[in-house]
Amino acid sequence: LFVYNTLLDGYCKAGKLSVALDVYSQMERKGISPDAFTCSILMKSYCGEGRVEEAESLFQKINNAGVSPNVVVYNILIDGYCKEGSMEKALKFYSQMTDDGVRPNIITYSSLIDGYCKRGDMEAAMELYSETVVKAIEPDVVVYTALIDGHFKNDNMQAALTLFREMIEASITPNAFTISCLIDGLCKDGRVNDAVKLLGEGQTSPALRKMLQVDSSCSFLNGIVYTSLMQGLCKDGRILRASKLFSELRCHGLKPDTIMFYVILQGHFRSKNLPDVMMLQADMLKVGIMPN
RNA sequence: ACUUACGAAGAAA
C-alpha cells in the first residue's frame, strides 16, 4: 500500500492523473484496499484539474468502503471548493468534519480564509481569523499572508498594514510570500517608492531585518517581487528604472520569464519606445522564451 | 536533515 501510494503521488504530481487512476484500479483488482493517503492523493489531483465533484465522489466512495476521512482528506475537499469559489459547499464539509469529530486545523482555516479573500468577502475572512484565535488555533504566516493579500486586493491598504504589524507583534516571521504580497500591494496602490524603500532597507539594514525577524539568508528579491516593482514603475511612467531592474535580474541569480518580458514590453509600448520593443523581442528569443 | 497526502504571492486572457 505504501509503495502504491508513493507511486500514485508521483504520477499525480507529474500531472498524469489518468495513469494514476489506472494504477489505482490495478490496486483494487489486486485486493489492496486504499487508505486515507490514497484518497487524499487522488482527490488533490482531481481538484488540481478543477474536477472537484469527482474528488467528492471518490471521498464518498472511500468513505462508504469504511475508510474514515481524516483532517487532510477534509482539507483537500474544502480547499478544492474554496478555490472554485463555492464557499457554501466548503462550509458544508467544514461542519461535517466537526460533526465527525475531526478537528479543523490551521490549514482548514487558511483554505477557508483564502477562499473568502479571493471572493472579496474580507468580513467573513476576518471573522474566521478571529475564530482561530478563540479556538486557540494559532494563525500562522500563511494565514496572515492570505489576509494581507486579500486586504490589498480589496483596496484596504490600511487593514493590510495593520495585520502586517500584528503579525510581527505576534512573533510570526514574514517570508518571501508575505513580502511579495506587501510589495505588490504597495505598487498597485501607487506607492512604488515605499515598496522600493522597504526592500532596499530590508536588504541592507540589519535593524529592519531584525524588526522583520528575518535572517540574512532570507532573500526577498525573488522574481515575483521584481515583477511587481517593474510593473509599478512602468505604470508610473518610469520605464527607464524598470528596464534597469530588468537588466540587473541576472546579477541576483534570477532569470527573466515570460511575465517579466510582458510587463517590460507593455511599459515600452506605453512610452511608445518602438525600437526598444524590437530589441526586447530579439532578447527574448535569445534567452529561449517563446512569446505566448 | 528531508523523505506516501492538505493551505498563501507577480502579467495577460
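What you see is a predicted model; the values in this text were computed from it and never measured. Chain identifiers are assigned alphabetically (A, B, ...) following the order of the sequence lines, protein sequences preceding nucleic acid strands; residue numbering begins at 1 within each chain.
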Measure the distance from CD1 on A:I76 to P on B:C6 and round it to the nearest whole Å. 6 Å
Integer-rounded Å distance: B:G7 C1' and A:I78 CD1: 11 Å
I need the CG-P distance between A:D189 and B:A9, as an integer number of Å. 19 Å
So, does the side chain of A:D257 form a donor-acceptor pair with the base of B:G10 at under 3.5 Å? yes
Among the candidates B:G10, B:A9, B:G7, find the nucleotide nearest to the side-chain atoms of A:S228. B:G10
Among side-chain atoms of A:Q96 and A:Y74, is any donor-acceptor pair under 3.5 angstrom? yes
If you measure only the distance, is there a donor-acceptor pair under 3.5 Å linking the side chains of A:Y144 and A:Y129? yes
NA contact type, A:V3, heavy-atom cut-off 4.0 Å: base, sugar-phosphate, or nothing? nothing
Nearest to side-chain heavy atoms of A:S40, which nucleotide of B:A8, B:C6, B:A5: B:A5
Under 4.0 Å, heavy atoms only, any strand: does A:D35 hit a base, just the sugar-phosphate, or nothing? nothing
Among B:A9, B:U4, B:G7, which nucleotide sits nearest the side chain of A:K118? B:A9
Do A:N154 and A:D121 have a side chain donor and acceptor closer than 3.5 Å? no
Please confirm whether any donor atom in the side chain of A:D9 sits under 3.5 Å from an acceptor in the base of B:U4, or the reverse. no
State, yes or no, whether a side-chain contact exists between A:C47 and A:I76 at a heavy-atom distance under 4.5 Å. yes
Would you say A:F246 and A:L280 make side-chain contact, with heavy atoms under 4.5 Å? yes
Would you say A:K44 reaches B:G7's phosphate, i.e. side-chain N/O to OP1/OP2 under 4.0 Å? yes
With the side chain of A:K153 defined as its heavy atoms from C-beta on, choose the nearest nucleotide among B:U4, B:A9, B:G7. B:A9
Selection from B:U4, B:G10, B:A8 that lies nearest to any side-chain heavy atom of A:M260: B:G10
Which whole-number value in Å describes the distance from A:I183 CD1 to B:A8 C1'? 16 Å
Integer-rounded Å distance: B:G7 P and A:N175 CG: 15 Å
A:I179 atom CD1 is separated from B:A8 atom C1', nearest whole Å, by 13 Å
Assign A:T145 to base, sugar-phosphate, or nothing according to its heavy-atom contacts below 4.0 angstrom with the strands shown. base
Do any side-chain nitrogens or oxygens of A:K13 fall under 4.0 Å of OP1 or OP2 in B:U3? no
Is the closest side-chain donor-acceptor distance between A:Y11 and A:Y24 under 3.5 Å? no
Enumerate all atom pairs, one protein N or O and one N or O from nucleotides 11-13 of chain B, separated by less than 3.5 Å.
| from | atom 1 | to | atom 2 | distance (Å) |
| --- | --- | --- | --- | --- |
| B:A11 | OP1 | A:K188 | NZ | 2.9 |

Between C1' on B:C6 and OH on A:Y109, what's the gap in Å once rounded to a whole number? 16 Å
Regarding the side chain of A:N222, the nearest nucleotide among B:A9, B:C6, B:G7 is B:A9
CG of A:D100 to CZ of A:F93: how many Å apart, nearest 0.5 Å? 10.5 Å
For A:E53 and A:Y46, test the side chains for any donor-to-acceptor distance below 3.5 angstrom and give the result as yes or no. no
Touch check for A:I106, heavy atoms < 4.0 angstrom, all strands: base, sugar-phosphate only, or nothing? base
May I have the distance from A:L7 (atom CG) to B:U3 (atom C1'), rounded to whole angstrom? 16 Å
